[in-house]
Amino acid sequence: MPDLRLSHLARTFASGTSALADLTATIPAGAFVSLVGPSGCGKSTTLRLIAGLDAPSAGAIEWDGDRPEIGFVFQEPTLMAWASAARNVALPLELAGLRKGAALERARAALGHVGLAGFENALPRELSGGMKMRVSIARALVAGPAALLMDEPFAALDESTRARLNGDLLRLWSEEKFTVVFVTHSVFESVFLSQRILVLSGRPGRLVADIANPAPYPRDELYRTSPQFNDVARDVLLALKAGER
Amino acid sequence: MTQRLLRLVLPVLLFAALVWFWEWAVAYWQVKKFVLPPPSAILAVFQSDGASLLASAGATAKTTFAAFALAAVSGIALAALFASSRLAEAMLSPYAVILQVTPVVAIAPLVVIWVGLDNAWLAVLILAWIVAFFPVLANATAGLKAADPNLRDLFRLYRATPLQTFRRLLVPSSLPYLLAGLKTAGGLALIGAVVAEFAAASGTSGGLAWRILEAGNRLQIAKMFAALILLALMGVLIYAALTFLEWLLLRRWHGEVAR
């Protein structure tokens, strides 16, 4: 699996708004890295640049070797309202040319993996917010991507659903060893999940801190209240405050 | 249950009461037959001229359905062209708008002269199509643009071909819009057919609108009412059929219809 290098990444929109000023970071293969920062600091822009959905104004995105398969999870579940959970999850496979039967079989397995066995034929409107997000995650992972990009995926969920999905995401990551770039507003979520937290300043975004979180995995719910957790959270908060000025 | 029964029974009761009052009032105040005929006279027309009126209704229905089908096919095709090429949309959409905003009654004499002298039915068909075409085009165009931008990005991320994106994303996203447009177009096709028959003002088309004109000229008011009732029934049938189609296609996933 390739490492990902972002060098002096910048993005200025046609309107003249500068979303991202200068971001340099290396994300090793299989790492779990979070991007935190105030609104409008270019977190989502960075993800779109990595995914190839947008082109940088300056700087470069380099993978060791070819660009790998990428899974993307948006803030909204972004499901096709007219298609069952299984058909939604099968989409990446079907777009890649896999036969419908084989694609659906793998989609069912992926749904089982995110705890949605038995909901294969449910339509999005029949699922709760948390379940829809699970479908979205299953779709992002069904093709076995080397990198998973997540853009504030749990921001709209209630706290207990969010905590449960955090735990499930870590389980999937430790099983399948893909690289995760996770964008969030929440300092605590970033600390709980990641090995490294990249803190961006206010618009236009610049890297103000690259904070390591050495706590071992698996991390359980008690980790959220440990002194080690608090130490890292304080560092991230201070860096955020420094970046606001 | 009783609620539903009442909702079915009450309109029927009201209708019966109104018809009875109409019959009674016309007799009581001795209203002249060429001003307002009693319901019994209209019923008598259905008995005496029922077959020929139904034949006329058939002619109007034929025009309406042909115009509707033509409007649906051409509207969807043009909307698909607009969705795939901004240049085509910029080039053609002004003409679609001009066709829409010009009153059809004003275009009618020209169309009648061009094609109606040889084939009155074709002239009526073209005019009804012009009226019904625009809502299909406008709604299908809006629908094809209504796809969730994040889903579009997802299709790009997975390197979907334009055909895959069209078939799997744009078409289903546009369906609620398209069906709303078809519902409007169904009613307008009937209106267009009637207006065109009036404008063509010729017996060769033989539709219900022509029968209304003809009966009016002869002061056969009861026959006018009979033709009017048939037109209203046709309109209701078209609306009901298209609403059923909408329910059939969208009930599972679209909130508005499912509720």
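Neither the backbone nor the side chain of B:Thr161 comes within less than 4.5 Å of any heavy atom in chain A. Residue B:Leu175: no heavy atom, backbone or side chain, is found under 4.5 Å from chain A. Interface residue B:Arg159: only side-chain heavy atoms are found under 4.5 Å from chain A. Residue contact with chain B, scored on non-hydrogen atoms closer than 4.5 Å, involves the side chain of A:Phe74 exclusively. Heavy atoms closer than 4.5 Å to chain B are found in both the backbone and the side chain of A:Leu53.
More than 12 heavy atoms of other residues, nucleotides or ligands shown are found within 6.0 angstrom of CD on A:Glu175. Enclosure of atom CD in A:Glu120 by more than 12 non-hydrogen atoms of other residues, nucleotides or ligands within 6.0 angstrom is indicated. No more than 12 heavy atoms of other residues, nucleotides or ligands sit less than 6.0 Å from atom CG of B:Leu87.
Taken from CG in B:Leu151 to CG in A:Leu79, the straight-line distance is 7.5 Å, to the nearest 0.5 Å. Rounding to the nearest 0.5 Å gives a distance of 8.5 Å between CG of B:Asp148 and CD of A:Glu76. To the nearest 0.5 Å, atom CD of residue B:Gln164 and atom CG of residue A:Leu91 are 8.5 Å apart. The line from CG of A:Leu95 to OG1 of B:Thr165 is 7.5 Å long, rounded to the nearest 0.5 Å. Here CG of B:Leu169 is found 5.0 Å from CH2 of A:Trp82. Values are rounded to the nearest 0.5 Å. Considering CZ of B:Phe155 and CE of A:Met80, their distance stands at 5.5 Å, rounded to 0.5 Å.
The side chain to side chain donor-acceptor pair (under 3.5 Å) search around A:Asn166 returns A:Glu189, A:Arg224, not counting sequence neighbours.
Pairs engaging residues 131-146 of chain B under the side chain to side chain donor-acceptor pair (under 3.5 Å) rule: B:Glu89-B:Lys145 [sequence neighbours left out].
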**OP:** Mind running side chain to side chain contact (heavy atoms under 4.5 Å, CB included) on B:Arg252 and A:Arg125 for me, showing each step along the way?
**Re:** CA-CA 9 Å; B:Arg252 286 198 68 217; A:Arg125 56 186 287 270; over 6 Å; no
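The candidate from A:Arg48, A:Glu69, A:Gln75 with the greatest count of non-hydrogen atom pairs under 4.5 Å with chain B is A:Arg48.
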